[in-house]
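Throughout, numbering of the chain's residues begins at 1 and tracks the sequence. Read the numbers this way: they start at 1 and go in the same order the structure lists the ligands and their atoms. All of these numbers come straight from a predicted model, not from anything done at the bench.
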Amino acid sequence: MNILLIGGGGREHALAWKLAQSPLLDTLYAAPGNPGIAAEGARCVALDTGDHDAVLAFVAEHDIGLTVIGPEQPLVDGLADTLRAKGRKVFGPSASAARLEGSKGFTKDLCSKYDIPTAAYGRFRAAAEAKDFLERLTPPYVIKADGLAAGKGVVIAETRADADAAIDDMLGGRFGEAGAELVIEEFLAGEEASFFALCDGKTVLPLAGAQDHKRVGDGDTGPNTGGMGAYSPAPILDEAMQARVLAEIVEPTARAMAAEGSPFIGVLYAGLMIGADGPKLIEYNARFGDPECQVLMMRMKSDLLPALLATAEGQLDHFALQWSDNHAMTVVMAAEGYPGTPKKGGTIAGLNAAEADGAKIFHAGTTLGDDGALTASGGRVLNITAMAPTLRAAADTAYAAIDRIEWQDGFWRRDIGKAAL
Ligand code: AMP
Ligand code: GLY
């Protein structure tokens with residue numbers, strides 16, 4: 001089968017690496033892909049994925065049996081709908097189902113209607129009402145832009161003044177249309193973890209848990225990023241807790257989406273707060289996490305291709321996946337300046353030596369020049385990934401690999417996994 005993979009980050013490289021191992025794969029196309037994805041044997045194509053008719057034409061021309069959509073934007077834009085309407089198989093939710101990620105207010109209302117545990121909340125379009133609502137809460141205050149804001153749409157304010165300022169800022173147009181409506185919610189205490197499950201519209205197939213590191217600096221300091229490192233399994237998501245998350249949060253969500261006429265087809269990424277009274281949903285994403293996908297793919301022993309296909313075909317009942325009990329870790333190497341303006345163009349060398357002791361390097365923002373030189377071309381650039389019987393050993397392998405990479409502008413967190421170690 002030929003597959004079209006949409007995206008070109010570390011998440012998509014990890015998916016490409018897994019798909020390339022499948023005996024069922026003929027040709028893997030990636031749009032736009034990246035040099036790491038190309039090195040897995042994929043054909044990287046310049047396809048404007050915002051042009052849905054162009055994607056449809058590509059799928060027909062190249063006999064694509066399954067399109068796998070990595071990032072959220074094409075999902076929210078309805079690319080899966082366009083393809084499905086023409087009878088094409090897609091791994092990824094409809095625009096309507098992707099509202100689980102694309103509208104925080106939608107998800108909060110769904111949780112409220114179907115008794116899915118989450119923080120108490122209000123939805124607001126007017127600053128005065130939003131500020132009145134703060135009177136009913138105790139600090140810290142949690143203020144969120146409703147729509148997609150590239151991970152920057154959440155403010156946790158310690159004081160009323162900061163909270164008021166965040167409300168004015170967001171409603172004042174800082175995130176454009178995405179911030180025209182706000183969700184204000186109760187602050188949840190506890191430990192954060194992410195849980196992933198495939199959903200074919202009816203059946204939920206649990207994948208695994210992972211823990212991300214969102215802040216740019218060691219010790220969880222500095223601004224939020226897309227994620228600076230991850231590990232799996234997440235100790236807090238032991239078997240009993242996973243069973244609760246499935247029964248109390250993920251399965252009721254899948255049933256609710258089907259009941260609302262928006263069955264979810266793809267991967268549900270539940271961001272959770274595990275507190276004294278059990279797991280609560282912080283947010284959903286309608287796609288794999290990046291870099292969480294990288295550690296999940298390392299641990300997945302089964303062939304990924306039939307799992308994605310079964311999801312797209314509504315055939316997940318009686319489907320099972322095998323997982324390694326080993327611990328996987330990925331450390332993100334980012335370019336100086338990230339999450340602000342990253343320094344681009346620096347030369348990267350030493351990747352073969354870095355992989356020699358068992359680490360796997362997934363590319364994100366890299367470019368391969370005509371002269372064969374690899375350069376940095378994004379914020380998050382490399383994902384140094386390792387798996388071992390202990391998290392400590394995985395960390396040792398990943399950090400030893402980083403020491404062999406020659407890239408002047410790169411930086412990385414030195415404490416990935418510290419909480420679990
Ligand atoms: P989100 O983009 O919704 O995942 O929020 C970004 C981060 O803000 C989360 O990873 C949490 O650390 C934090 N956060 C969001 N909502 C809450 C909440 N209700 N209580 C405590 N922390 C939260
Ligand atoms: N690593 C967080 C995300 O993918 O949203």
Side-chain angles (χ1 to χ4, degrees), residues 7 9-12 14-15 70-73 75-76 98 100-108 111 117-122 134 137-158 163 166 170 175 178-179 182-196 209-216 220-232 234 267-277 279-297 330-332 334 338-339 362 364 379-380 383 413 416 419:
R11 165 182 50 211
E12 287 78 23
L15 293 171
E72 60 275 21
Q73 196 65 55
L75 296 169
V76 169
L100 279 177
E101 173 162 5
S103 168
K104 293 185 191 293
F106 168 82
T107 301
K108 298 299 285 189
C111 288
T118 187
Y121 73 107
L134 294 181
L137 303 175
T138 47
Y141 304 100
V142 183
I143 296 145
K144 304 184 175 184
D146 180 75
L148 293 184
K152 298 183 179 102
V154 176
V155 171
I156 313 257
E158 298 293 338
M170 288 190 196
F175 299 112
L182 305 182
V183 169
I184 298 182
E185 56 183 51
E186 161 203 19
F187 181 82
L188 298 174
E191 187 176 339
E192 272 188 81
S194 307
F195 186 72
F196 297 84
Q211 236 138 347
D212 187 14
H213 297 65
K214 288 202 166 94
R215 302 295 198 96
V216 74
D220 292 327
T221 53
N224 268 329
T225 69
M228 293 297 292
Y231 57 91
S232 174
V267 57
L268 266 175
Y269 161 171
L272 304 166
M273 190 68 86
I274 319 267
D277 47 353
K280 288 191 177 172
L281 180 75
I282 298 178
E283 62 158 5
Y284 271 121
N285 293 310
R287 49 166 176 90
F288 279 109
D290 186 346
E292 294 94 320
C293 183
Q294 288 80 313
V295 286
L296 294 188
M297 291 305 112
T330 189
V331 181
V332 171
Y338 179 77
F362 295 116
R380 293 188 293 171
N383 301 262
R413 276 184 62 164
I416 302 303

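What sits closest to atom 19 (N) of ligand 1 on the protein, heavy atoms only, is Glu185 OE2, 2.7 Å. Ranking the protein heavy atoms by distance from atom 12 (O) of ligand 1 puts Glu192 OE2, 2.4 Å first. At the shortest separation from atom 16 (N) of ligand 1 among protein heavy atoms lies Lys144 NZ, 2.9 Å. Looking only at protein heavy atoms, the nearest one to atom 23 (C) of ligand 1 is Ile156 CD1, 3.7 Å. The single protein non-hydrogen atom nearest to atom 20 (N) of ligand 1 is Leu188 N, 2.7 Å, given as residue, atom name and distance.
For ligand 2, the atoms sitting less than 4.0 Å from at least one non-hydrogen atom of Gly289 are 4 (O), numbered in the order shown with element in parentheses. Distances below 4.0 Å separate heavy atoms of Phe187 from the following atoms of ligand 1: 20 (N), 21 (C), 22 (N). Taking a cut-off of under 4.0 Å to the non-hydrogen atoms of Ile282, the atoms of ligand 1 that pass are 3 (O), 15 (C), 16 (N). Atoms of ligand 2 found under 4.0 Å from any heavy atom of Glu292 (numbered from 1 in listed order, with element): 1 (N), 2 (C), 4 (O). The atoms of ligand 2 that sit less than 4.0 Å from any heavy atom of Arg287 are 3 (C), 4 (O), 5 (O). Against a heavy-atom cut-off of under 4.0 Å, Lys104 is close to the following atoms of ligand 1: 2 (O), 3 (O).
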_Trace of the salt bridge (charged side-chain N to carboxylate O under 4.0 Å, His left out) decision for Arg413 with Asp220_ = CA-CA 9 Å; Arg413 276 184 62 164; Asp220 292 327; 3.0 Å; yes
*asked:* If you apply the rule side chain to side chain contact (heavy atoms under 4.5 Å, CB included), what do you find for Tyr121 with Lys104, and how did you get there?
replied: CA-CA 10 Å; Tyr121 73 107; Lys104 293 185 191 293; over 6 Å; no
*asked:* Working note: Glu101 + Tyr284, criterion side chain to side chain donor-acceptor pair (under 3.5 Å); need CA distance, chi angles, decisive distance, verdict.
replied: CA-CA 5 Å; Glu101 173 162 5; Tyr284 271 121; over 6 Å; no
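With atom 1 (N) of ligand 2 as the reference point, the heavy atom nearest to it among Gly226, Ala210, Gly229 is part of Gly226.
For the pair His213 (side chain) and Gly229 (backbone), a donor-acceptor distance under 3.5 Å is present. Distance alone, capped at 3.5 Å, places no donor-acceptor pair between the Ser103 side chain and the Asp146 backbone. Listed for the Arg380 side chain is no donor-acceptor partner under 3.5 Å among the backbone atoms of Thr225. For Arg215 (side chain) and Gly222 (main-chain N/O), a donor-acceptor pair under 3.5 Å exists by modelled atom type. The main-chain N or O of Ile184 is never found under 3.5 Å from a side-chain atom of Lys108 such that the two would form a donor-acceptor pair.
At a threshold of 4.5 Å between non-hydrogen side-chain atoms, the residues Glu12 and Pro71 count as touching. Within the 4.5 Å cutoff, the side chain of Leu188 has no heavy atoms near those of the Val142 side chain.
The distance criterion of under 3.5 Å between nitrogen or oxygen atoms is met by Lys214 with respect to ligand 1. Taking distance alone, with nitrogen or oxygen atoms compared against 3.5 Å, Val154 stays at or beyond that limit from ligand 1. At under 3.5 Å, a nitrogen or oxygen of Asp212, whether backbone or side chain, sits near a nitrogen or oxygen of ligand 2.
Residue Val142 touches ligand 1 through its side chain alone, judged by heavy-atom distances below 4.0 Å.
Residue contact check for ligand 2: Arg11 places no non-hydrogen atom closer than 4.0 Å to it.
Atom CD in Glu192 sits 10.0 Å away from atom CD1 in Ile274 (nearest 0.5 Å).
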